[in-house]
Amino acid sequence: MGQYCQVCGARTESRCVDGRTRDVCRDCGEISYAQWKVSAGVRVVNDGKILLVKRSHEPYQGKWHMPAGYVEIDEEPAQAAQREAREETGLTVRVEKLVDCYLDTDDPRGNVIILLYDASVVDGEVTPSDETEAVEFFSPDEVANLQLAGESAEKELNDWLNMVGKQ
Ligand SMILES: [Zn+2]
């Protein structure tokens with residue numbers, strides 16, 4: 001595996017611990033537990049259209065999803081959702097309430113829990129960033145043919161379509 005212990009820096013090895021394979025430090029015995037990453041995103045609807053961004057990098061290059069990104073260690077998820085929205089779309093949003101928690105287990109960067117919030121635009125102009133090739137609002141009919149960035153993007157959009165009675 002070529003992993004190093006986060007406590008002492010020595011090499012780790014795969015061992016069976018409590019019935020699961022885990023990385024264990026050869027020197028100090030520290031066990032590394034594979035855990036979920038946490039991401040936060042926004043569901044922004046304007047005039048009945050949903051805000052989506054198109055990724056400019058792999059993974060999911062050229063695929064669409066609601067603005068979202070990893071929660072920094074010194075942020076609350078709702079703050080992270082607002083920050084990611086601004087970075088990825090140029091729009092300042094007000095985060096309203098938690099929609100749901102979505103799971104992504106097909107992302108090569110690791111399994112992610114996405115906390116998705118309803119949010120509304122308060123300021124700014126749509127401006128794609130380095131991460132986003134395009135930023136657009138789509139009607140329920142228009143999203144049908146879009147290529148989406150994995151299972152969580154599909155679930156998020158399906159839930160919205162169900163809510164607005166389009167599926
Ligand atoms: Zn160690």
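Whatever order the structure lists ligands and atoms in, that order sets their numbers, starting from 1. When a residue number appears, it is its place in the shown sequence, counting from 1. Note that the coordinates shown come from a computational prediction; the quantities given were computed from them, not determined experimentally.
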Notebook entry, point to check: Is a donor on one side and an acceptor on the other found under 3.5 Å between the side chain of T12 and the backbone of Q3?
Noted result: yes
Return all side-chain donor-acceptor pairs below 3.5 angstrom for residues 133-142, not counting sequence neighbours, or 'none' if the list is empty.
| from | atom 1 | to | atom 2 | distance (Å) |
| --- | --- | --- | --- | --- |
| S139 | OG | E142 | N | 3.3 |
| S139 | OG | E142 | OE1 | 3.4 |
| E142 | OE1 | S139 | N | 2.7 |

Margin query: Looking at E151 and D106, would you say the former's side chain and the latter's main chain have a donor-acceptor pair under 3.5 Å?
Written below: yes
Check: How would you list all residue pairs meeting salt bridge (charged side-chain N to carboxylate O under 4.0 Å, His left out) that involve residues 122-131, not counting sequence neighbours?
Finding: none
Item checked: Partner residues of K63 under the salt bridge (charged side-chain N to carboxylate O under 4.0 Å, His left out) criterion, sequence neighbours left out -> none
Item checked: Distance-only donor-acceptor check, side chains E96 and S120, under 3.5 Å -> yes
Note to self: Restricting to distances shorter than 2.8 Å, give the number of protein N, O or S atoms close to the Zn ion (ligand 1).
What the structure shows: 4
